[in-house]
Q: 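Next up is a structure, given as structure tokens.
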Amino acid sequence: AALREGYEHFDPRAYLRNNYLPPRADFSSEEFVVPWKLRCLAETFASGEGRAAGAPSQASQRGGETEARSTRGTRGQLLSPSLVFPVPRSVEPWQDKERRLRQRLRRILPIDVHRPEPLGAPLRPAADALLSAFCLEAVSPDRAAFVRALAHVGNLLRPGGHALLLGALGESFYLAGPARLPVVPLRESDVREALAAAGFALRELRSYAMPPALRTGVDDVDGVFFAHAQK
């Protein structure tokens, strides 16, 4: 109930300003956190693994259209394989990107990661891959709920499917406008244990330590993790 009430005041524009503009989104160097996150994703997709859809923040392309699934009311990012790439020298205006995405977006489906079947029914066919970006730890009241949520979204995957996870380390809250949202503080060991408990084999785990210059008061995050696991 407290989580739900907090997200009623969630300001997505404020969240994006806090995390996806300088200093955190400084693309002059990959030492900054946003380029680091994009590099993790780009290298995984470039390897030929982690294709197709993601959940709980998910976009799958079918027949030139995009179908999205996102956790309602969270800070989850909407990403698809076509949108994950090293930032080019010539940057397309964001208005054009938004227009192209809206043209391809077919529908957004609500998802409840705290149910064994997050979409309300089994996904047919099951997904080849899922992508969760700063979602599960932000919508779970404790570590046990985080582990269960990870297992639940894993039910959307086919056997051998891939999970790509980006998340916060050591974070207990973050700000989004007037909203102060609680987060389950995680350590790397918690991520490893949760993946194993949810039936995943860990392929890769990277971590990023948030430098003092990027600790701007909008959260108390210690770092960021990227995990690539297989069902």
Side-chain angles (χ1 to χ4, degrees), residues 16 19-22 24-70 75-94 96-101 103-105 123 125-136 150 153-154 156-169 188 191-192 194-195 198-211 214 223-231:
L16 291 174
N19 294 281
Y20 294 95
L21 288 176
R24 291 186 174 183
D26 188 332
F27 290 97
S28 65
S29 169
E30 291 190 11
E31 297 300 315
F32 293 95
V33 63
V34 172
W36 181 87
K37 290 187 287 187
L38 291 175
R39 173 60 62 187
C40 290
L41 292 167
E43 289 177 353
T44 302
F45 282 115
S47 72
E49 299 174 343
R51 296 175 180 171
S57 299
Q58 175 184 73
S60 58
Q61 297 175 328
R62 300 174 183 173
E65 295 181 312
T66 299
E67 178 182 278
R69 301 180 180 92
S70 70
R75 60 176 174 173
Q77 302 161 30
L78 182 62
L79 298 174
S80 75
S82 65
L83 299 178
V84 179
F85 49 82
V87 177
R89 295 297 180 185
S90 178
V91 179
E92 178 185 12
W94 67 264
D96 293 343
K97 293 181 180 179
E98 180 184 39
R99 182 166 51 254
R100 285 194 296 108
L101 180 59
Q103 289 172 347
R104 301 176 70 173
L105 188 64
L123 181 63
D128 295 311
L130 66 83
L131 168 62
S132 172
F134 301 94
C135 285
L136 301 184
L150 183 55
V153 297
L156 301 173
L157 278 175
R158 64 169 174 79
H162 297 266
L164 306 179
L165 308 177
L166 279 164
L169 292 172
E188 283 191 44
V191 177
R192 292 178 183 275
L195 286 166
F200 286 97
L202 183 61
R203 299 282 299 274
E204 181 181 20
L205 180 62
R206 307 185 198 181
S207 62
Y208 174 96
M210 193 68 74
L214 301 187
V224 175
F225 73 85
F226 169 76
H228 173 198
Q230 194 166 11
K231 190 70 174 175

Q: Do L195 and L205 pass the side chain to side chain contact (heavy atoms under 4.5 Å, CB included) test, and can you show the C-alpha distance, the side-chain angles, and the key distance before you say yes or no?
A: CA-CA 11 Å; L195 286 166; L205 180 62; 5.9 Å; no
Q: Taking only residues two or more places apart in sequence or in another chain, which ones pass ring-ring contact (aromatic ring centres under 6.0 Å, His included) with F32?
A: none
Q: Roughly how far apart are Q230 CD and L164 CG, rounded to 0.5 Å?
A: 10.5 Å
Q: Please name all residues satisfying salt bridge (Lys or Arg N to Asp or Glu O under 4.0 Å) with E204, sequence neighbours left out, ordered by chain then number.
A: R206
Q: What residues, two or more places apart in sequence or in another chain, satisfy side-chain hydrogen bond (donor to acceptor under 3.5 Å, both in side chains) together with S29?
A: none
Q: Quick one: do L169 and S207 satisfy side chain to side chain contact (heavy atoms under 4.5 Å, CB included)? Show the steps, please.
A: CA-CA 9 Å; L169 292 172; S207 62; 4.0 Å; yes
Q: If the test is ring pair (Phe, Tyr, Trp, His ring centres under 6.0 Å), which one of W36, F225, F226 qualifies with Y208?
A: W36
Q: Would you give the length of the straight line joining atom CG of L130 to atom CG of L157, rounded to the nearest 0.5 angstrom?
A: 4.0 Å
Q: Do you know which two heavy atoms are closest between V191 and A227, and how far apart they sit?
A: CG1-CB, 4.4 Å
Q: Would you check if the side chain of K231 reaches a backbone N or O of D128 as a donor-acceptor pair within less than 3.5 Å?
A: no
Q: Go through the structure and list residues passing side chain to side chain contact (heavy atoms under 4.5 Å, CB included) with P22, not counting sequence neighbours.
A: none
Q: Quick check for you: to the nearest 0.5 Å, what is the distance between E98 atom CD and Q103 atom CD?
A: 11.0 Å
Q: So, taking the atom named NZ in K37 and the one named CZ in F134, what distance separates them when rounded to the nearest 0.5 Å?
A: 4.0 Å
Q: Between atom OG1 of T44 and atom CZ of R39, what is the distance when rounded to the nearest 0.5 Å?
A: 11.0 Å
Q: Which heavy atom of C135 sits nearest a heavy atom of S132, and at what distance?
A: CB-OG, 3.8 Å
Q: List in chain and number order the residues that pass side chain to side chain contact (heavy atoms under 4.5 Å, CB included) with L21, two or more places apart in sequence or in another chain; answer none if no residue qualifies.
A: R17
Q: Give me the atom names and distance for the closest heavy-atom approach of V224 to V33.
A: CG2-CG2, 3.9 Å
Q: Would the distance check show the side chain of R24 and the main-chain N or O of V34 forming a donor-acceptor pair, the cut-off being under 3.5 Å?
A: no
